[in-house]
Amino acid sequence: MAEFHLTTPIPPEKLEEIKVGDIVYITGIVITARDEAHLKALELHEEGKKPPVDFKGNGLFHCGPVMKKNEDGSWTVVAAGPTTSARMEIFQDKFIKAFHPGIIIGKGGMMERTAKACQEEKCIYGYFTGGAALLAADRIKEVKDVFWLEELGMPECLWVYQVENFGPLTVTIDVHGGNLTEDSKKNIMKNKEKILEEMK
Amino acid sequence: MKDIAQVVEDTSFELLKVAATKLPSEVKETLVKGKNETKGSLGKAQMSAIVENVELAETNIKPMCQDTGLVAFFVKIGDKFPLRSEVKEILKKATERATKNVPLRPNAVDMFEGNTKTNIGLRGYVPWFYFDLVEGDKLEIIAMPKGGGSSNVGKMKMIPPGKGIKGVKEFVVEALAAAGPLACPPYTVGVGVGGGEDMCMNLAKKALLRPLYHYHEDERIAAIEKELLQTLNQLEIGAMGLGEGPSVLDVHMEFAARHPASLPVGVVISCWALRHAGATIDKDGNVEYHPH
Ligand code: SF4
């Protein structure tokens, strides 16, 4: 198990060195997007338009944070842990092809379609400990921007964060076709069959 | 004379805050123990992050997870407690206040109008209330917020009664295997058996309120709880589903009578953030918080 400290935009060559089970920390730009933001960004892409922020080489964070507005109009992160990534599986591959994020950050892992797109387009998936919202908030140094807040609401909109040593992220999908959570799921299913067979 | 409505509102606000920011002590202790016993660097890293995060939440009085859940209240109103139907509106007020001031994430989404931004549904069902009328002059309130990720892995099945208790156990194993890494394990599992298709889920959720390692008073049920705890850990889900460390912290079951033709089983799964907090208020407005 190796440890990497990456700066965004992450060059694709750098991603080649990383394997599943490695730990990475990110410094630079991380952008939150959940179901609705994915859909909206892809809609714009299909119309030939661009979303208001560039994902290329940056962190794409599956997260619906709790934010607090300060009196001067700026924002403070209250809590910002990862949300379940599996919900994004249905369009994540399209998103990767359209916008080329360097690392997807979420929890629970992702499946074949995403892993395939990660291999083809050079992207990795970093598993942030689910629910560890304060650890994450602690590493977010600045809220740079927010888009689509009125339209999509606080958890669903795009928050652009400047982060420092954001992690630890366990790499569960690499650019070599590896997928740790899928391996773990297979093991769970195998154990389930055995348990059911032996059950009295 | 205390303003009793205000006492109820302030207490409920406090309960929502405590639930969001501080784990019941036995849950925290179990997580720490799990961390210490975890072998393997993947699992150790996950358990350490959970424990560190729980401590940050407690010290800074901030929500331990960004998903502060959909709010539910378990309420027991004594016959001689001065307030009755007003309690509902008071609890809603407390929820709205907590949303603003803790703050909690606005999680109540109307299908047609979008996020209500208050954690109050527009159609009267959220927060969800479990009301119970009891003897005496006290009001008991338990706040239980539950995250969406962990609710998404809940399961209900009407199994053929002929399959009996073995069928129940099989279904619980299947539900947990399906949950796998999806909902922030280590999990705590509530199982409701009998009643009807609705009641089994209610019972399963209620079972999560029982403190960890307090098993059912009926020894036959306690034995199944312990057996399932062992069996479910053999699935090797592990911390965050990566196969290392604890999979399930505890299993609690509640049984109701069933219709002869049906055997409903409900499985409600909690993530590591098993959040709830309770208090009892007497008719004069004296508040006693439950051990937390
Ligand atoms: S499953 Fe629990 S810990 Fe994980 S994100 Fe949801 S509420 Fe938080």
Side-chain angles (χ1 to χ4, degrees), chain A residues 1 20-21 23 32 36 63-69 77-87 107-109 127-138 151-156 167-170 172 180-196 198-200, chain B residues 20 41-42 45-50 52-57 60 62-68 102-107 109 114-115 117 147-150 152 166 169-170 173-174 176-185 231-232 234-244 247 271-273:
Chain A
M1 186 189 88
V20 290
I23 300 273
T32 69
E36 293 188 30
C63 166
V66 183
M67 305 289 295
K68 200 168 186 174
K69 196 167 194 166
V77 187
V78 178
T83 190
T84 305
S85 297
R87 292 198 316 273
K107 71 154 169 133
Y127 197 144
F128 197 96
T129 304
L134 295 175
L135 268 192
D138 197 52
E151 190 185 340
L152 302 184
M154 185 194 287
E156 294 286 342
L169 307 168
T170 303
T172 66
L180 256 192
T181 36
E182 284 304 294
D183 293 349
S184 174
K185 273 200 231 160
K186 279 180 203 141
N187 183 49
I188 293 168
M189 287 305 154
K190 198 185 84 217
N191 292 336
K192 179 187 89 170
E193 294 309 327
K194 188 159 168 271
I195 290 169
L196 291 181
E198 291 168 3
M199 190 168 269
K200 287 188 269 299
Chain B
S41 57
L42 281 177
Q46 300 301 332
M47 290 305 291
S48 302
I50 292 173
E52 194 184 331
N53 185 74
V54 167
E55 272 158 8
L56 272 175
N60 301 324
K62 281 186 171 179
M64 64 189 82
C65 176
Q66 79 285 349
D67 185 351
T68 50
V102 174
L104 306 177
R105 193 175 73 186
N107 274 338
V109 177
N115 195 316
K117 302 199 167 87
S150 81
N152 286 347
K166 183 168 177 244
K169 291 193 273 189
E170 282 170 355
V173 169
E174 269 162 23
L176 267 292
L182 286 178
C184 299
T231 313
L232 293 175
Q234 288 163 6
L235 285 170
E236 294 176 340
I237 297 171
M240 289 299 139
L242 297 176
E244 296 174 356
S247 305
C271 50
W272 62 258

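Sequence lines set the chain letters: A, B, ... in the order given, protein chains first and strands last, and positions in each chain run from 1.
Contacts of A:Glu36 classified as salt bridge (Lys or Arg N to Asp or Glu O under 4.0 Å), with partners at least two apart in sequence or in another chain: none. The side chain to side chain donor-acceptor pair (under 3.5 Å) search around A:Asn187 returns A:Lys190, B:Glu236, not counting sequence neighbours.
Among A:Gly108, A:Gly153, A:Pro168, A:Gly131, the residue with the largest count of heavy-atom pairs under 4.5 Å with chain B is A:Gly131. Contact count versus chain B (heavy atoms, under 4.5 Å) is highest, among A:Lys194, A:Lys200, A:Glu198, A:Lys185, for A:Lys200. Contacts with chain A were tallied for B:Asn115, B:Val102, B:Leu182, B:Leu104; B:Leu182 has the most, counting heavy-atom pairs under 4.5 Å. In terms of heavy-atom pairs under 4.5 angstrom with chain A, the leader among B:Gln66, B:Met64, B:Lys117 is B:Gln66. Between chain B and the residues A:Ala79, A:Ala86, A:Ala133, the largest count of heavy-atom pairs under 4.5 Å involves A:Ala133. When the candidates B:Thr68, B:Leu242, B:Ile50, B:Asn53 are compared by the number of heavy-atom contacts under 4.5 Å with chain A, B:Asn53 comes out ahead. Counting heavy-atom pairs under 4.5 Å between each of B:Ala45, B:Gly114, B:Ala177, B:Ala178 and chain A puts B:Ala177 at the top.
Looking at B:Ala239, there are no atoms closer than 4.5 Å to chain A (heavy atoms on both sides), in backbone or side chain. At a 4.5 Å heavy-atom cutoff, the contact between B:Ala49 and chain A is made by backbone and side-chain atoms alike. Using a 4.5 Å cut-off between heavy atoms, A:Lys192 contacts chain B through both its backbone and its side chain. At a 4.5 Å heavy-atom cutoff, the contact between A:Ile188 and chain B is made by backbone and side-chain atoms alike. With a 4.5 angstrom heavy-atom cutoff, A:Ile195 touches chain B only via side-chain atoms. For B:Leu42, the part lying under 4.5 angstrom from a heavy atom of chain A is the side chain only. Only the side chain of A:Met189 has a heavy atom closer than 4.5 Å to any heavy atom of chain B. Heavy atoms closer than 4.5 Å to chain A are found in the side chain of B:Ser41, but not in its backbone.
Between B:Pro63 and B:Pro103 the shortest heavy-atom distance is CG-O, 3.5 Å. The two residues B:Pro185 and B:Ile237 make their nearest non-hydrogen contact at CG-CG2, 3.8 Å.
In this structure, the side chain of A:Tyr127 engages the main chain of B:Met240 through a donor-acceptor pair within 3.5 Å. A side-chain donor-acceptor contact under 3.5 Å links B:Ser247 to the backbone of B:Gly238. Of the possible polar contacts, one joining the A:Ser184 side chain to the B:Gly241 backbone as a donor-acceptor pair under 3.5 Å is found. With B:Arg105 contributing its side chain and A:Gly64 its backbone, the two residues share a donor-acceptor pair below 3.5 Å. Using modelled atom types, one side-chain atom of A:Ser85 and one backbone atom of A:Lys107 make a donor-acceptor pair closer than 3.5 Å.
Taking CG from A:Asn191 and CG from B:Leu176, the interatomic distance works out to 12.5 Å, rounded to the nearest 0.5 Å.
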